[in-house]
2 protein chains.
Amino acid sequence: MPNNQFKKGELYSFVTGKASTAIARRLQKKFNNAGLNLTIEQWSVLYHLWKQEGMSQQELCNATFRDKPSITRLVDNLERLDLVKRVASENDRRINLIYLTRQAQKLQEQSMILAEETLNEALETVPVDKIEVCKEVLQHVYDNLK
Amino acid sequence: MPNNQFKKGELYSFVTGKASTAIARRLQKKFNNAGLNLTIEQWSVLYHLWKQEGMSQQELCNATFRDKPSITRLVDNLERLDLVKRVASENDRRINLIYLTRQAQKLQEQSMILAEETLNEALETVPVDKIEVCKEVLQHVYDNLK
DNA sequence: TTTGATTAGTTGCACAAACAACTATATGCC
DNA sequence: GGCATATAGTTGTTTGTGCAACTAATCAAA
């Protein structure tokens, strides 16, 4: 028997991602309260563009672990909110490079502060060494399945 | 500074629940390959009914961390698949008690095997003591935010 | 016992995810 | 060059989520 350490009730939490769902909801509420008209999913796309602008949609797929249709629609919505712009690549006209608007650049600091705030609330009174182990395990899980 | 152990890249994984998303996708694929016409979300509702039949929709909300409209629609779809039945409570006619059909009872064993299989794949080569710590941390996070 | 508040569930809407099928462009091989 | 194949992105469909507004039933207090 392999790593079968999961009683039934624990199995459930792992599959459904109770903790990460709770984190995302908390962050979404913070966005709403701050008047940021932005979903967590939209934020997760901007997150990567803030690190590196001009990514292609395919690169955003890889970065965000979403499929192409999901990114198409997220970019649609971000464009409608005037936060990003699609720019056709010069070299390869199949490719859209995604650029941030002024408005999106202004959102970075505020939203990142709220995200860190959320994580601090989530991890309050959790010992630092345990957090380290937890991060390791989650990365390991991801690597096992990807 | 509180538990601010998160470099930016790690923050992202925690908020987006990379690991649990990967687990859910893997399980969904196993369902599909096995010919189980069932979403993970539907499974998560059945999961609780297998433990205790005749729960109200509100109780299912609490058990699955979903809001009332989500449960309404999940029960709608489960009813359409002929897996559950709504039965009005005798005592309180506002309440729907949810009962499993024969067909749903038959799904329990097979789907639970696939779920455990998925977790074993996810946790392959992860040391048991680290898994314990990880579970603790995730529960702690959930308690901090709920 | 009637009225006001609470609770259980439903419906409408906007957004997102997964899959399949599609278009358009690029590449590689003959 | 021309055709097969691969790649980037889009569209349609079904399902799920979160919020707000709603209905119906119950409860509680005057």
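It should be emphasised that the depicted structure is a prediction, and the values quoted were computed from it without experimental measurement. Here is the naming used below: chain letters follow the sequence lines, and residue numbers restart at 1 for every chain. Computation of the quantities below employed the complete heavy-atom set of this structure, encompassing side-chain atoms and omitting hydrogens, waters and symmetry-equivalent molecules.
- Note: CG (A:Asn96) to P (C:dT23) measures 18 Å, nearest angstrom.
- The closest side-chain donor-acceptor pair between B:Arg66 and B:Ser44 falls under 3.5 angstrom.
- Looking at heavy atoms from C-beta onward, A:Leu81 lies in side-chain contact with A:Asn37 at the 4.5 angstrom threshold.
- Place A:Asn32 and A:Arg86 on DNA chain D by their nearest nucleotides, and A:Arg86 ends up nearer the 5' end.
- Counting heavy atoms of neighbouring residues, nucleotides and ligands inside a 6.0 Å radius, atom NZ of A:Lys85 does not exceed 12 of them.
- Linking Ile, Leu, Val, Met, Phe, Trp and Tyr whenever their side-chain heavy atoms come within less than 4.5 Å leaves A:Leu97 and A:Tyr47 in two separate clusters.
- Rounded to a whole Å, the CZ atom of A:Arg26 is 15 Å from the P atom of D:dG18.
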For nucleotides 26-28 of chain D, list the nitrogen or oxygen atoms of the protein found under 3.5 Å from its nitrogen or oxygen atoms, one pair per line.
residue	atom	partner	partner atom	Å
D:dT26	OP1	B:Arg93	N	2.9

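- For the residue pair A:Gln57 / A:Asn96, a side-chain donor-acceptor distance below 3.5 Å is found, with atom types taken as modelled.
- Linking Ile, Leu, Val, Met, Phe, Trp and Tyr whenever their side-chain heavy atoms come within less than 4.5 Å leaves B:Val84 and B:Ile95 in two separate clusters.
- For A:Ile95 and D:dT10, the CD1 to P distance is 12 Å, given to the nearest whole Å.
- For A:Asn62 and D:dA8, the CG to C1' distance is 12 Å, given to the nearest whole Å.
- Contacts of B:Asp67 with the nucleic acid, taken as non-hydrogen atoms under 4.0 Å apart, include base atoms.
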Measure all distances between protein nitrogen or oxygen atoms and nitrogen or oxygen atoms of nucleotides 2-5 of chain C, and list the pairs falling under 3.5 Å.
none

Distances under 3.5 Å between nitrogen or oxygen atoms of protein and nucleotides 11-15 of chain D:
residue	atom	partner	partner atom	Å
D:dG12	N7	A:Arg73	NH2	2.5
D:dG12	O6	A:Arg73	NH1	2.7
D:dG12	O6	A:Arg73	NH2	3.3

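- Here the C1' atom of nucleotide D:dT10 and the CD atom of A:Gln58 are 13 Å apart, to the nearest Å.
- OP1 or OP2 of D:dT10 lies within a sub-4.0 Å distance of a side-chain N or O belonging to A:Gln57.
- Between B:Tyr12 and A:His48, the two ring planes are perpendicular [angle over 60°; tilted spans 30° to 60°].
- When the P atom of C:dA14 is taken as reference, atom CD of A:Gln28 falls 16 Å away, rounded to whole Å.
- Checked options B:Val75, B:Ile71, B:Val45; the residue passing with B:Ile98 is B:Val75 (criterion: side chain to side chain contact (heavy atoms under 4.5 Å, CB included)).
- In this structure, A:Ile40 places its CD1 atom 12 Å from P of C:dA17, rounding to the nearest Å.
- Between B:Ile71 atom CD1 and D:dC19 atom P there is a gap of 15 Å when expressed in whole angstrom units.
- Using a 3.5 Å distance cut-off with no hydrogens or angles, the side chains of A:Asp143 and A:Gln139 do pair a donor with an acceptor.
- Residue order along DNA chain C, read from the 5' end via each residue's closest nucleotide, puts B:Ser56 first among B:Ser56 and A:Arg66.
- Between the side chain of A:Glu79 and the backbone N or O of A:Asp76, no donor-acceptor pair lies under 3.5 Å.
- Using a 3.5 Å distance cut-off with no hydrogens or angles, the side chains of B:Asn32 and B:Gln28 do pair a donor with an acceptor.
- In summary, the side chains of B:Ser70 and B:Asp67 do present a donor paired with an acceptor at a separation below 3.5 Å, with no hydrogens or angles considered.
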